[in-house]
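Input: a single structure, listed below in structure tokens.
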Amino acid sequence: MKSDLNVSVARFRYDAFGLSLLSEMEFSGLLPGLDTNEGDTVFIERGVVPRQLRTPFEISGPIQATPDECLLNYPGSCHIHVIGRERLVVETETGADPALLKTHILGAGLSIIGLRRGRLPLHTSAVAFGNQAIAFAGPSGGGKSTLAGYLVESGFELIADDLCLLGFETPDTISIAPGIAELRLRDDAIQALGWIPEARLAYQTNAAKSIFEAQRGKAHWFTLRSIYLLERASPQVPAGIYRLEGIYAIRRLMTNLRVWSLLLGLSNPAKNLERLGRLVRQVPIYVFVRHWSLDHYAEETDRLIEHFQTNVPTPPYPNAFAI
């Protein structure tokens, strides 16, 4: 479905997650885009959004879906109408937090677009060293952004925080393109990193997090080297890095997919499951079991860097049957 968005109104072009965006709305943290073939463009426009789709086949929390449309309702923030694989219509509410708006539009909205374009939207942060990327997934509040901050301080480049769209365009590699170059950090993490609170770009009130912009290079794809699933240390599983394989890895990855409840409905179910299987076969999946205290972040970051840089044997995850 082709957008009727007036190109002269949409003044902002971006490259994000390997997608070309043409937008009426301005977003920080994205790489500037170039003029491109409109057939490959995602259009973001302001407009009136319906509150209900006709005969949706799936309703999950704020999401309604049909084969061609999705409706995302976030009361107090915005309503997003995802049309096909190329158009986002956004209706914002008065007084909406700009940081939260961006999370909904570029997070959930582009996750659905990416899924419809054959990519897997993973709830991860990612950094790169050279052309090699590592991603780490975990629940909200699980320390993804803080770990990314420590790795950036150690010389890694931030690819994205909170969302990555995994690309399967080439048979031998799985890739990640740059997303939003911003980190959302709580006050204790800012203090532990030694960053200056006044240097923040914005503040997200609902999460009580400051937003910091990170520098990075040009837009290009990175080869995904490995994925680390973040987990709290326990008597059953002590701190360390463990390998997770097969169906156990697939199950854990599914819980870290954005809009995962619509994974089988938004596009070809067999293809989505095939991509998950290919991801587990081609990219090592590890469980990074950590102490949750910030006192351990520096040493645990060093442990992760050493694991990334070497090929030391990694023991299997000891609690796989409990997943």
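Here, residue 1 is the first one in the sequence, and each next residue gets the next number. All heavy atoms count here, side chains included; hydrogens, waters and symmetry mates do not.
Judged as a salt bridge (charged side-chain N to carboxylate O under 4.0 Å, His left out), and not counting sequence neighbours, the contacts of D162 are R258. Qualifying side-chain hydrogen bond (donor to acceptor under 3.5 Å, both in side chains) partners for T170, counting only residues two or more places apart in sequence or in other chains: T173. In this view, K209 satisfies the side-chain hydrogen bond (donor to acceptor under 3.5 Å, both in side chains) rule with no residue, not counting sequence neighbours. With sequence neighbours left out, E91 forms a side-chain hydrogen bond (donor to acceptor under 3.5 Å, both in side chains) with R51. Taking the side-chain hydrogen bond (donor to acceptor under 3.5 Å, both in side chains) definition, one finds that S145 meets it with D161, sequence neighbours left out.
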Could you walk me through whether L110 and L88 satisfy the side-chain contact (heavy atoms from CB on, under 4.5 Å) test, starting with their C-alpha distance in whole Å, then the side-chain angles of each, then the deciding distance to 0.1 Å, before giving a yes or no? CA-CA 8 Å; L110 289 187; L88 298 177; 4.0 Å; yes
Take L122 and T124 through the side-chain contact (heavy atoms from CB on, under 4.5 Å) test and state the conclusion after the steps. CA-CA 6 Å; L122 204 58; T124 62; 3.3 Å; yes
From CA spacing to verdict: side-chain hydrogen bond (donor to acceptor under 3.5 Å, both in side chains), Y14, E26: CA-CA 9 Å; Y14 302 105; E26 185 175 13; 4.9 Å; no
Candidate pair E24 and I44, rule side-chain contact (heavy atoms from CB on, under 4.5 Å), full reasoning: CA-CA 6 Å; E24 280 190 58; I44 301 176; over 6 Å; no
Is there a side-chain hydrogen bond (donor to acceptor under 3.5 Å, both in side chains) between N73 and H79? Walk through the geometry before answering. CA-CA 5 Å; N73 288 308; H79 306 271; 2.8 Å; yes
Is there a side-chain contact (heavy atoms from CB on, under 4.5 Å) between K144 and L230 once you walk through the steps? CA-CA 8 Å; K144 297 185 296 297; L230 305 185; 4.0 Å; yes
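Crowding of Q282 atom CD: a count of heavy atoms from other residues, nucleotides or ligands under 6.0 Å exceeding 12. By the neighbour-count criterion of 12 heavy atoms within 6.0 Å, atom CD of Q191 is sparsely surrounded, having that number or fewer from other residues, nucleotides or ligands.
Put simply, the side chain of S293 never gets that close to the backbone of H296: no donor and acceptor are under 3.5 Å apart. In this structure a side-chain-to-backbone donor-acceptor pair under 3.5 Å is present from E300 to H291. Judged by distance alone, the side chain of R290 and the main-chain N or O of I241 form no donor-acceptor pair under 3.5 Å. Judged by distance alone, with hydrogens and angles left aside, the side-chain atoms of T255 form a donor-acceptor pair with the main-chain N or O of R252 at under 3.5 Å. Looking at R87, its side chain never comes within 3.5 Å of a backbone N or O of E45 through a donor-acceptor pair. Under a 3.5 Å cut-off, the side chain of D97 and the backbone N or O of T205 do form a donor-acceptor pair. Panel note: side chain S23, backbone M25; a donor-acceptor pair is recorded below 3.5 Å.
Here the closest heavy-atom approach between residue A126 and residue L158 is recorded as O-CD1, 3.7 Å. Across all non-hydrogen atoms, the minimal contact from F17 to A177 is C-CB, 3.6 Å. When all heavy atoms are compared, the tightest approach of Y150 to T301 is CB-OG1, 3.4 Å. Shortest non-hydrogen contact noted between G107 and L163 is O-CD2, 3.6 Å. Of all the heavy atoms in I250 and G277, the pair that sits closest is CD1-CA, 4.2 Å. Between P67 and R116, the closest heavy-atom pair is O-NH2, 3.4 Å.
To the nearest 0.5 Å, the span separating CG on L229 from CG on L253 amounts to 5.5 Å. Rounding to the nearest 0.5 Å gives a distance of 11.5 Å between CG of L185 and CZ of R200. Rounded to the nearest 0.5 angstrom, L165 CG and I113 CD1 are separated by 10.5 Å.
Contact check for L72 versus H104: no side-chain heavy atoms found under the 4.5 Å cut-off. Y242 has its side chain within reach of P318: a pair of non-hydrogen atoms, C-beta onward, lies under 4.5 Å apart. Annotation: side chain of I211 is not in contact with side chain of L183 (no heavy-atom distance under 4.5 Å). You'll find the side chain of D15 reaches within 4.5 Å of the side chain of S20, heavy atoms only. The shortest distance between side-chain heavy atoms of E157 and V152 does not fall below 4.5 Å. Between C78 and I80, some side-chain heavy-atom pair lies under the 4.5 Å cut-off.
The aromatic rings of Y228 and H307 sit perpendicular, their planes meeting at an angle over 60°, well past the 30° parallel limit.
Note: the hydrophobic cluster containing Y286 does not contain L224 (ILVMFWY, side chain heavy atoms under 4.5 Å, direct or indirect links). Hydrophobic cluster membership is shared by I227 and I159, with clusters built from Ile, Leu, Val, Met, Phe, Trp and Tyr side chains linked at under 4.5 angstrom.
In this structure, R243 pairs ionically with E245, as a charged nitrogen and a carboxylate oxygen lie closer than 4.0 Å. Under the 4.0 Å criterion applied to side-chain N and carboxylate O atoms, E169 and R117 are not assigned as salt-bridge partners. Electrostatic pairing of K102 and E182 counts as a salt bridge here, judged by a charged N lying under 4.0 Å from a carboxylate O.
Pairs engaging residues 151-188 under the ring pair (Phe, Tyr, Trp, His ring centres under 6.0 Å) rule: F129-F156, F156-F308 [sequence neighbours left out].
Considering L101, I180, L106 as possible partners of F27, the one that fulfils the side chain to side chain contact (heavy atoms under 4.5 Å, CB included) test is L106.
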